[in-house]
K.L.:
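Sharing a structure here in structure tokens format.
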Amino acid sequence: MSSSSLVHFLRHVSFPPDPHLLPTALKSCPSLLLARTLHAAAVAADLAGDSFVASSLLHAYIRFGATADARAVLDTMPQKKPNVITWNGLVSGLNRSGCARDAALAVARMHAEGFLRPDITGVSCVLSAVGDLGEILVGEQLHGYAVKAGSRLDACVATGLIDMYGKCRRTEEIVRVFNESSHIDVASCNALIAGLSRNSQVSEALRLFKLFREMQAQGIEPNPVTIPCILPAFANVAALMHGRSAHCFSLRKGFFHNIYVGSALVDMYAKCGKVRDARMVFDAIPSRNVVSWNAMIGGYAMHGEAANAVQLFQSMLICKQKPDTVTFTCVLAACSQAGLTEDGRCYFSEMQRDHGITPKMEHYACMVTLLGRAGKLDEAFDLISDMPFKPDGCIWGSLLGSCRVHSNVDLAEVAAEKLFHLEPDNAGSYVLLSNIYASKKMWDGVNRVREMMKDVGLKKEKGCSWIQIKSKVHMLLAGDDSHPMMTAIIEKVKQLNIEMRRLGFAPSTDFVLHDVEEQEKDDILAVHSEKLAVALGLISKPRNITSSNKEPPNLW
DNA sequence: TTAGGGTTAG
């Protein structure tokens, strides 16, 4: 704003300021500079503590992202006894600006200082923040408070509680609150679906689809928010038919132009292995945001299409879309998958130098994987040693994994030691170390690790795979013969093994325990859960049907 | 001047 229009603006709001005109001026205030000027004028006229003025100042500062200024206003408020509406406005404003911790602290302070008791609106405002912070204990207290305040749960509070419990991974509570709420609407249904979708087990994911149908049967029409709530559940179990149906539904309902719908569809297609479909959806999104770009770059990365991932990243920069921390996680993961060691190194520097993004744990994890896969284990170890924060289990796990590939026992022992300390319940690290010893025929080491596992009382978790046949998801565990069709499944696996050997396949038995006879080793590998799932799929498929000639059913 | 639900990685 030029200085002449500034003068005009100040004239327009009329000085000396009064408590009625200041809020109006702040509401239409076009810049942070002017908000600060008006704040100064309010302080000079001793109006900064007026609840209307303070509330308007807060909203103006939050609108410009000046949370430090907002907090300064907040700090002057207790002495002036703000009303409950001012506080609620503050809390919702802080929350909307992504300052979840400040929002929660504001409510805690309001309560602790005893000058205002939060009302139901205040509880609604802060629940989302509490969920984002994962503060389950605070959330439970708010739940109790809301129950005391009203006989049955109001829809907004119920939605907030469902959302909070969902973010804190309390599945049972999600359903309980939903059932106890006095009124359900599309928002509470969406919160329920999102909560279950976020925390769904494989076998439960498709039940959400039934929930979606029940919601419609009760006259609650899904809205554009429903689609990104439900899609992650389908994406996570690669339920392509359901995902495709959701796509058709979005097109029919005119939801496709919603950016959340578009990005969630890109992600779903990529996770279901349909990268070309993901790209078609991505290209059709009318205006993309950083999440849409990340979903597509991540989709290429997860399928090892590093060249496409990097190319899309360059297009992103050309389109003036600012990359974020997730973008670089995806780009680095793509480089790591494809063995593009030098490119990965360059992007790791570029993110800091050109984009001002400080590497986080996941970026270091990608770099350790990238260097480890290339056999540069010492360099990976040096990078870990130079990290500005304490490496977590993923970092050491990645190094240990690379040590297995490159049979480096010395570094493996260092990494494993760290892992045993950081994640004492993770049987995987013991098994990995044991496999590394086994590959080097160091049977003493194998036995030592086995004894350690016994002492700690750890067992290796069974491998688990699943396959969807028609609308049912079948779970298969390695070595578990509880599936009703197991005899036929085993028969099919045997047949496939014979066929594979005939075609020249020789399974590697290096990593299996050394004291098992050769034939037994093959048997152990033969009941690998993925093989069982594939075999079940093959014996369940009608003859002459391939996935490409099958029409997607109209599920929705 | 106050309230609820949504997409990406790890």
Side-chain angles (χ1 to χ4, degrees), chain A residues 23-24 26-27 50-60 82-93 95-96 118-128 131 146 153-164 166-167 181 183-195 197-198 222-232 235 255 258-268 270-271 282 285 288-299 301-302 323-334 360-366 369 392-395 397-398:
Chain A
T24 316
L26 281 161
K27 205 173 175 185
D50 176 275
S51 67
F52 280 71
V53 173
S55 171
S56 310
L57 276 168
L58 280 167
H59 281 282
N83 63 32
V84 75
I85 294 175
T86 317
W87 271 98
N88 292 346
L90 162 73
V91 172
S92 75
N95 198 26
R96 273 199 301 269
D119 62 358
I120 283 296
T121 306
V123 173
S124 296
C125 292
V126 80
L127 275 170
S128 164
L153 290 174
D154 145 284
C156 289
V157 175
T159 307
L161 285 170
I162 294 167
D163 178 59
M164 182 274 295
K167 285 172 180 159
S181 55
H183 170 74
I184 57 164
D185 58 15
V186 67
S188 46
C189 287
N190 288 344
L192 174 71
I193 290 174
S197 175
R198 241 182 240 128
N223 66 6
V225 178
T226 317
I227 306 301
C229 286
I230 204 167
L231 274 175
F255 294 166
N258 180 299
I259 186 71
Y260 290 88
V261 172
S263 306
L265 282 170
V266 169
D267 176 60
M268 180 277 297
K271 291 207 173 112
F282 175 80
I285 294 177
R288 301 170 194 124
N289 65 10
V290 67
V291 177
S292 351
W293 286 95
N294 291 349
M296 193 60 241
I297 295 171
M302 77 180 76
D324 67 3
T325 156
V326 178
T327 317
F328 280 98
T329 310
C330 297
V331 171
L332 292 174
K360 298 207 292 191
M361 193 73 83
E362 51 267 34
H363 302 111
Y364 280 100
C366 284
T369 309
D392 70 356
C394 290
I395 302 272
S398 170

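A quick note: this is a predicted structure, and the numbers were derived from the prediction, not measured. Below, chain A is the first sequence line, B the second, and so on; all start at residue 1.
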K.L.:
Indicate, with a heavy-atom threshold strictly under 4.0 Å, whether A:Val266 touches base, sugar-phosphate, or nothing.
P.N.:
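Nothing, no heavy atom under 4.0 Å.
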K.L.:
Classify the nucleic acid contact of A:Ser56 as base, sugar-phosphate or nothing, counting any heavy atom under 4.0 Å across all strands shown.
P.N.:
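If one applies the 4.0 Å heavy-atom cut-off, A:Ser56 turns out to touch nothing in the nucleic acid.
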K.L.:
Consider side-chain contact (heavy atoms from CB on, under 4.5 Å). Of A:Ile162, A:Asp185, A:Asn223, A:Ile230, which one does A:Asn190 pass it with?
P.N.:
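The passing option is A:Asn223.
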K.L.:
Which part of the nucleic acid, if any, lies within contact of A:Arg198, taking any heavy atom under 4.0 Å across all strands shown: a base, the sugar-phosphate backbone alone, or nothing?
P.N.:
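A:Arg198: backbone/sugar contact only, no base atoms under 4.0 Å.
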K.L.:
With heavy atoms under 4.0 Å as the rule, sort A:Asn258 into base, sugar-phosphate or nothing.
P.N.:
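Base: the residue A:Asn258, judged by heavy atoms under 4.0 Å, touches a nucleobase.
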K.L.:
With distance as the sole test, does A:Ser398 use its side chain to make a donor-acceptor pair with the main-chain N or O of A:Cys394 at under 3.5 Å?
P.N.:
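Absent.
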K.L.:
Could you list the residues that satisfy ring pair (Phe, Tyr, Trp, His ring centres under 6.0 Å) with A:Tyr260, not counting sequence neighbours?
P.N.:
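Once residues adjacent in sequence are excluded, A:Tyr260 has no partner under the ring pair (Phe, Tyr, Trp, His ring centres under 6.0 Å) criterion.
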K.L.:
What nucleic acid atoms does A:Ser128 come within less than 4.0 Å of, heavy atoms only: base, sugar-phosphate, or nothing?
P.N.:
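Contact class for A:Ser128: sugar-phosphate only.
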K.L.:
Who are the side chain to side chain donor-acceptor pair (under 3.5 Å) partners of A:Asp324, not counting sequence neighbours?
P.N.:
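Listed in chain order: A:Asn294, A:Thr327.
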K.L.:
Assess the residue pair A:Thr325 and A:His363 against the criterion (side-chain contact (heavy atoms from CB on, under 4.5 Å)); give the C-alpha distance rounded to whole Å, side-chain angles, the decisive distance to 0.1 Å, and a yes or no.
P.N.:
CA-CA 8 Å; A:Thr325 156; A:His363 302 111; 3.1 Å; yes
K.L.:
So where does chain A start and stop touching DNA chain B, 5' to 3', when the test is distance under 4.0 Å to a non-hydrogen atom?
P.N.:
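Here the contact window of chain A covers B:dT1 to B:dG10.
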K.L.:
Considering all heavy atoms of both residues, which atom of A:Asp163 and which atom of A:Ser128 are nearest to each other, and what is their separation?
P.N.:
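Minimum heavy-atom contact is OD2-CA, 3.8 Å.
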K.L.:
When all nucleic acid strands are considered with a 4.0 Å heavy-atom cut-off, which category describes A:Leu127: base, sugar-phosphate, or nothing?
P.N.:
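Answer is nothing: A:Leu127 stays at 4.0 Å or more from every strand.
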K.L.:
Mind checking if A:Ala365 touches a base, just sugar-phosphate, or nothing, with heavy atoms under 4.0 Å?
P.N.:
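The answer is nothing, as A:Ala365 stays clear of every strand by at least 4.0 Å.
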